[in-house]
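Below is one structure; the comments refer to it alone.
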Amino acid sequence: MEPTAEAIHHTGEIIRAGGLVILPTETVYGLAGDASNPDAVAKIFEAKGRPPENPLIVHIANIEDVRKFVLKWDDRAEKLATAFWPGPITLVLPKSDWVPEIVTAGLGSVAIRMPDHSVALDVILASGTALAMPSANLFMGLSPTRVEHLAPDIVASVELVLDGGPCKVGVESTVVDLTSDHVRVLRPGGVSIEQISRVLGSEVILGSNEVEMRSPGMYLKHYSPKSPLRLVSKIATNECGLTFGTPSVRQIQMPTNPEAYAARLYDVLFQLDKLQPTEILVESPPIDSDWLAIHDRLKKASA
């Protein structure tokens with residue numbers, strides 16, 4: 001059930017007053033506060049137990065607003081925003097003075113995106129500001145793609161939770177660094193490197209060559225269930241396709257399509273984690289560029 005107009009309006013009021021809320025996006029549920037309010041942003045870090053050197057993503061509802069937040073909006077950014085916004089892609093660009101340093105972890109760049117979810121966009125508009133909005137999980141934990149996944153400690157830290165149903169993409173956004181001449185994907189996600197390269201008509205590099213953490217999701221261990229997770233080449237099963245399994249518990253068949261797999265990934269890991277197994281086994285998906293974001297999440301979850 002979509003939140004009512006009254007609920008959206010009330011959510012905007014909470015954000016303007018410096019409070020925190022939990023919102024659905026197309027990727028995962030987000031923990032949101034006013035990106036222009038350092039005190040509200042500090043509450044986000046505290047609620048998640050997130051290190052201060054890990055920057056947040058600023059979420060906007062209109063592409064026309066982006067120039068308020070960045071110093072340089074070049075042709076590459078224009079092409080990618082035109083092609084993929086609203087959508088699961090985050091652009092890292094030189095930041096303006098409008099963005100508080102706590103949002104960017106003191107960096108000279110800001111990560112910014114426009115989510116492809118009507119509830120998130122309506123709340124941003126109702127709040128009259130941009131939102132700092134990381135995933136609504138405890139630091140390094142699984143990202144929630146349904147309200148049922150939300151940790152009690154996270155829920156206790158906010159004034160309101162808006163239920164928008166399951167997230168359609170299911171993994172976090174692709175993060176693209178545009179602060180240098182070389183276009184780099186810092187985190188694979190809902191938009192592929194091939195899609196980005198086609199739009200730009202140039203090569204795109206995977207990974208950062210810098211010490212600075214320019215975007216979320218760059219820790220070696222992240223997006224992890226409480227139970228140990230191990231990638232294996234094959235899980236014994238009479239079923240075909242991809243399978244999650246836990247020793248002596250049960251197996252869950254996964255889609256063979258990467259988009260459908262990503263949409264179910266965190267939900268299935270939450271289901272298995274509830275069983276408190278000694279170990280979660282995950283059959284490695286295909287070695288293919290379409291599966292890059294899924295490989296990234298599973299590799300970090302098993303680190």
#### Entry: Ala136 versus Leu150, closest heavy-atom pair with distance
O-CD2, 3.6 Å

## Note on the structure
So CD of Glu279 and CZ of Arg230: to nearest 0.5 Å the spacing works out to 4.0 Å

### Task
Give a yes or no on whether the backbone of Ala126 and the side-chain of Arg16 come within a donor-acceptor separation of less than 3.5 Å.
yes

### Task
Give a yes-or-no answer on whether the side chains of Ser233 and Glu283 include a donor-acceptor pair shorter than 3.5 Å.
no

### Message
Rounded at 0.5 Å granularity, tell me how far CD1 in Ile8 sits from CD1 in Ile124.
### Response
10.5 Å

### Task
Give the cluster check for Leu269 versus Ile252: same hydrophobic cluster or not, with ILVMFWY residues linked at side-chain heavy-atom distances below 4.5 Å.
yes

### Query
When you check the side-chain N and O atoms of Glu13 and His9, is any donor under 3.5 Å from an acceptor?
yes

#### Entry: Ile112-Ile63 co-clustered via ILVMFWY side chain contacts under 4.5 Å
yes

### Salt bridge present between Glu26 and Arg113 (N-O < 4.0 angstrom)
yes

### Task
Test Asp163 against Tyr29 for side-chain contact (heavy atoms from CB on, under 4.5 Å), laying out the working first.
CA-CA 9 Å; Asp163 188 349; Tyr29 274 77; 3.3 Å; yes

### Query
Distance only, no hydrogens: is a donor on one side chain within 3.5 Å (strictly under) of an acceptor on the other, for Ser289 and Glu194?
yes

### Query
Taking the side chain as C-beta and beyond, is there a heavy-atom pair between Ile205 and Val183 under 4.5 Å?
no

### Task
Give a yes or no on whether Ile15 and Leu56 share a hydrophobic cluster (residues Ile, Leu, Val, Met, Phe, Trp, Tyr; joining criterion: side-chain heavy atoms under 4.5 Å apart).
no

### Query
Is it the case that one hydrophobic cluster holds both Leu91 and Trp98, taking links as side-chain heavy atoms less than 4.5 Å apart, direct or via other members?
yes

### Task
Take atom CD of Glu101 as the centre, draw a 6.0 Å sphere, and report whether it contains more than 12 heavy atoms from other residues, nucleotides or ligands.
no

### Heavy-atom side-chain proximity of Gln195 to Val199 below 4.5 angstrom
no

### Side-chain touch Val171/Val28, heavy atoms, less than 4.5 angstrom
no

### Message
Distance alone, cut at 3.5 Å: any donor-acceptor contact between the side chains of Thr145 and Asp267?
### Response
no

### Task
Look at the aromatic rings of Trp73 and Trp85 and report parallel, tilted or perpendicular, splitting at 30° and 60°.
tilted

### Message
Within this structure, what is the CZ-CG distance for the pair Arg297 and Leu142, rounded to the nearest 0.5 Å?
### Response
12.0 Å

### Task
Take Lys300 and Ser224 through the side-chain contact (heavy atoms from CB on, under 4.5 Å) test and state the conclusion after the steps.
CA-CA 7 Å; Lys300 287 181 169 67; Ser224 302; 5.9 Å; no

### Message
If you define the side chain from C-beta out and look only at heavy atoms, does anything of Ile193 sit under 4.5 Å from Thr174?
### Response
no

### Message
Would Val58 and Leu131 count as a side-chain contact (heavy atoms from CB on, under 4.5 Å) here? Give the steps.
### Response
CA-CA 6 Å; Val58 173; Leu131 301 185; over 6 Å; no

### Message
Testing the 3.5 Å rule here: is there a donor-acceptor pair between the side chains of Ser127 and Thr129?
### Response
no

### Query
Looking only at heavy atoms, what is the nearest atom pair of Met114 and Ile60, with distance?
CG-O, 3.3 Å

### Query
Do the side chain of Ser197 and the main chain of Ser202 share a donor and acceptor less than 3.5 angstrom apart?
yes

### Task
Please report the shortest heavy-atom distance between Pro3 and Leu162, naming the atom on each side.
CB-CD2, 4.0 Å

### Message
Could you tell me if the side chain of Arg264 sits less than 4.5 Å from the side chain of Pro255, heavy atoms only?
### Response
yes

### Task
Nearest 0.5 Å please: distance from the CG atom of Asp65 over to the CG atom of Asn62.
5.0 Å

### Heavy-atom side-chain proximity of Val161 to Val21 below 4.5 angstrom
no

### Query
Taking everything shown except Asp97 itself, do over 12 heavy atoms lie less than 6.0 Å from its CG?
no

### Summary
Rounded to the nearest 0.5 Å, the CG atom of Leu178 sits from the CG atom of Leu80 at a distance of 6.0 Å

### Side-chain donor/acceptor of His295 to backbone N/O of Pro286, under 3.5 Å
yes

### Query
Just checking, is any N or O donor in the side chain of Ser173 or Thr90 under 3.5 Å from an acceptor N or O on the other one?
yes

### Query
Among Leu281, Val282, Leu272, Asp273, which residue meets the side chain to side chain contact (heavy atoms under 4.5 Å, CB included) test with Leu229?
Val282

### Query
Is there a donor-acceptor pair under 3.5 Å between the side chain of His59 and the backbone N or O of Ile57?
yes

### Task
Identify the two heavy atoms, one from Leu292 and one from Leu206, that lie closest to each other, and give their separation to 0.1 Å.
CD2-CD2, 3.9 Å

### Message
Under a plain distance cut-off of 3.5 Å, with no hydrogens placed, do Gln271 and Tyr266 share a side-chain donor-acceptor pair?
### Response
no

### Task
Of all the heavy-atom pairs spanning Pro55 and Ala105, show the shortest one and how long it is.
N-CB, 4.0 Å

### Query
Is Asp39 paired with Lys43 through a side-chain N to carboxylate O contact shorter than 4.0 Å?
no

### Query
Does NZ or CZ of Arg50 come closer than 6.0 Å to the centre of the six-membered ring of Phe139, within 45° of the ring's axis?
no

### Stepwise side-chain contact (heavy atoms from CB on, under 4.5 Å) check, Val176 with Arg184
CA-CA 6 Å; Val176 184; Arg184 291 182 179 274; over 6 Å; no

#### Entry: Sub-4.5 Å side-chain heavy-atom contact between Lys48 and Ile44
yes

### Task
Please report the closest heavy-atom contact between Ala32 and Met133, naming both atoms and the distance.
CB-SD, 3.6 Å

### Task
Any chance you could measure Asp153, atom CG, to Asn137, atom CG, to the nearest 0.5 Å?
12.0 Å

### Task
Would you please test Glu172 and Ser135 for side chain to side chain donor-acceptor pair (under 3.5 Å) and show each step?
CA-CA 8 Å; Glu172 297 79 2; Ser135 53; 4.9 Å; no

### Query
Do Val191 and Leu121 share a hydrophobic cluster, counting only Ile, Leu, Val, Met, Phe, Trp and Tyr and linking them when any side-chain heavy atoms are less than 4.5 Å apart?
yes

### Query
Is there a side-chain contact between Lys79 and Arg76 (heavy atoms, below 4.5 Å)?
no

### Salt bridge Asp116-Lys168, side-chain N to carboxylate O under 4.0 Å
yes

